[in-house]
Number of protein chains: 2
Amino acid sequence: MSADAEPAPVSAKPPVTLREVAAAAGVSVATASKALNGQGRMTAETRERIRAVAQRLGFRPNHLAQSLLRKRSFTVGLLTNDTYGRFSLPLMAGVSDALVDNGVSVFLCNVEDDTRLGQLHVEAMLDKRVDGIIATGKRIDRHLPIDLSNLRIPVVYAFTQPDPGAVGLVSDDAGGARLAVEHFLRLGRRRIAHVTGPAGFAVVHARAEAYREVLAAHGLPVGEPLLGAWSEAWGHDAVARLFGSGRGREGWPDAVFCGNDQIARGVIDALRERGIRVPDDVGVIGFDNWEIVAEATRPPLTSVDMNLASLGREAGLALLSLVGGQPAAPGIRKLPCRLVVRQSCGRPPGG
Amino acid sequence: MSADAEPAPVSAKPPVTLREVAAAAGVSVATASKALNGQGRMTAETRERIRAVAQRLGFRPNHLAQSLLRKRSFTVGLLTNDTYGRFSLPLMAGVSDALVDNGVSVFLCNVEDDTRLGQLHVEAMLDKRVDGIIATGKRIDRHLPIDLSNLRIPVVYAFTQPDPGAVGLVSDDAGGARLAVEHFLRLGRRRIAHVTGPAGFAVVHARAEAYREVLAAHGLPVGEPLLGAWSEAWGHDAVARLFGSGRGREGWPDAVFCGNDQIARGVIDALRERGIRVPDDVGVIGFDNWEIVAEATRPPLTSVDMNLASLGREAGLALLSLVGGQPAAPGIRKLPCRLVVRQSCGRPPGG
DNA sequence: GCGATAAGGGAAAACCTTTTCCCAACTCAG
DNA sequence: CTGAGTTGGGAAAAGGTTTTCCCTTATCGC
């Protein structure tokens, strides 16, 4: 009989119930419940005694029973189709953070791009009586492959295209682009090129339009944005076009605003291979602030951050207030980006 | 009064209950329950009628009520501290896949490295009566900052250090390293270097040891692995050391096995800058198979894949069988890696 | 036509907690 | 000492489902 090191039997003995607490304290379950919840009337002594017993027994109320009664599960579903992407993780973390602070747990639903799988998840959520659903994607301009429009529970869309009449939160891509271009202008750059992704993406146009507007507003010549792919390789190719032998050296840009960090990486590498110095000859700014890329470029990349964690947090809070019965203004709300300045864009002339 | 386009009032009218189905079908709730679950005895006609009514009313059983009764919530918690990492996402997707197919939903718990937050999440899970917990991390050789050892519900550890006596699943890093080195040997490479991460990581030693063993087993000279950081920059530096002027050209390695894909990227870039051709002069293999990096290197990078999605799937299934009462052998189970061959290692001499 | 058996279906308890309503006992003023 | 008011605490219903046990009715053999 080894008296030490009680080996904590794996036996799943059932959790302590309120009934047991009440019995141990010599009161009814009703009184026990009221004591623990600060409800009802009783002597302070009784209340304390019940609390002490509950504490000693390690009582924890069964949320399933509570939910059944309250018709509120304090649980929401988080749908995403971005399995491998870098967008969903910070977003999900933001959602989770905002909600756990409010006692709400989050069901993770990875739906890929599979309608059947999505249906499966949504039905599971509904059966589990989630209080609401957050739909998340990898593109602002695409729907998830699931219909969430007649769900009788609130739905918030974050970083994905919302249903008409629903509430959606996305990044302000135009604003982010303005941030980048205006920063270049403050640094004294004047011939600013824009190398970005494929025409099929709405953000490509939103950012390109903002780029044009800022330049036009400053009376500067507006180059035609170069549309391509979201890849390093395209960044290389774009440099070949912008800095090719066809143009004179004085026709070269002194800044390149890139549609994402991978393009920027390609641009920077290609410039170095051509002996063009970054940031001395040409400044570069990326988009997404994907740290692991932005910090590995030489020099480290200034980039527009979409604040996805905040976006997630806001989405969580928006859903919470919807669940609480507050009517939220439907429509798309754009959340500001921020510029994370590293060394690829250069310092201000005076500094 | 527009008669078309009924605007689907947002009113949250409560879901249909079994009682309503029973009433509509003119039977008792008991009979209705049995009809829908294929239990009890009744005429096929009755059963069908009840099913039809349930269908028509859109009845879906309330899982909270079911869980309360069955003492099983068909829900598990997924703890992770890898908020921004590339490891957790495929792992989580694998877990989620394996479980949703079994009707089990997954609570996402992002605990950062914060003990308080972890405690909060674990208690929330316990209160919600999860059937089990999967603990996930970003390092095999580190604990999560939470104690899960006396939890009365099963716990499975995936890609993080398990508690003693618990069941844990990790990648077989030594096996992965062998895969890489043996592939080089098959390709006829003989002077194989190893550039890897910091000494503080257990995987660094596991992989280095396997690297040594394979070379020794083939009677080849074993170079000392170069330990550094998990970064591109270290890859650059390592090339400077391996291919520096100190050694004669014939002392140069003809292959470099890298501890991760970022190091490999740095190595490849540095080799190109030195005019050394990959894979003709030197083959390179990475680790992690981080596609977005592996496919952007020039040439695309051969890399060891840890099969994290499978790992997640296995972890989910292991937890499920534990929850089902099957006693699982405690201890660490290592799951094999696989080599994803691209173009950075060269083709076999004959091919 | 009678007893036995099977078939079809229902009543009620159970899961755990919260909340409303109620009851008994006590206090206090008159 | 009586009536009103207050205090402390309990009984019971509610929430939705499953399951056990029981009851009624029909069927069948003789």
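Fair warning: this is a prediction, and the values are worked out from it, not measured in the lab.
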>> Using the ring-ring contact (aromatic ring centres under 6.0 Å, His included) criterion, which residues pair with A:Phe87? Sequence neighbours excluded.
In response: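 For A:Phe87 the ring-ring contact (aromatic ring centres under 6.0 Å, His included) partners, ignoring immediate neighbours, are A:Phe159.
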>> Quick one, B:Arg313 and B:Asp97 - any side-chain contact, counting heavy atoms below 4.5 Å?
In response: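 With C-beta onward as the side chain, the pair touches.
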>> Within the 4.5 Å heavy-atom criterion, are B:Arg129 and B:Ser67 side-chain neighbours or not?
In response: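 Side chain of B:Arg129 against side chain of B:Ser67, heavy atoms only: no contact under 4.5 Å found.
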Provide, to the nearest angstrom, the distance between the [atom1] atom belonging to [X] and the [atom2] atom belonging to [N].
| X | N | atom1 | atom2 | answer |
| --- | --- | --- | --- | --- |
| B:Glu20 | D:dT17 | CD | C1' | 14 Å |
| B:Leu36 | D:dT18 | CG | P | 8 Å |
| A:Asn37 | C:dT17 | CG | C1' | 9 Å |
| B:Leu64 | D:dT17 | CG | P | 10 Å |

>> Walk along nucleotides 11-16 of chain C from 5' to 3' and tag each nucleotide B, S or - by protein heavy-atom contact under 4.0 Å, base first, then sugar-phosphate.
In response: BB-BBB
> Which parts of residues 41-49 of chain B get close to DNA chain C, meaning a heavy atom less than 4.0 angstrom away?
Replying inline: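 Only B:Arg41, B:Met42, B:Thr43, B:Thr46 qualify.
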For [X], I'd like to know if atom [atom1] has over 12 heavy atoms of other residues, nucleotides or ligands within 6.0 Å.
| X | atom1 | value |
| --- | --- | --- |
| B:Gln55 | CD | no |
| B:Arg19 | CZ | no |
| B:Lys334 | NZ | no |

>> Please tell me whether A:Ser149 and A:Asp147 have a donor and an acceptor in their side chains that are separated by less than 3.5 angstrom.
In response: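 Present: a donor and an acceptor within the cut-off.
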> Say you draw a straight line from CG of B:Asp82 to OG1 of B:Thr136; how long is it, rounded to the nearest 0.5 Å?
Replying inline: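 Atom-to-atom, B:Asp82:CG and B:Thr136:OG1 are 9.0 Å apart.
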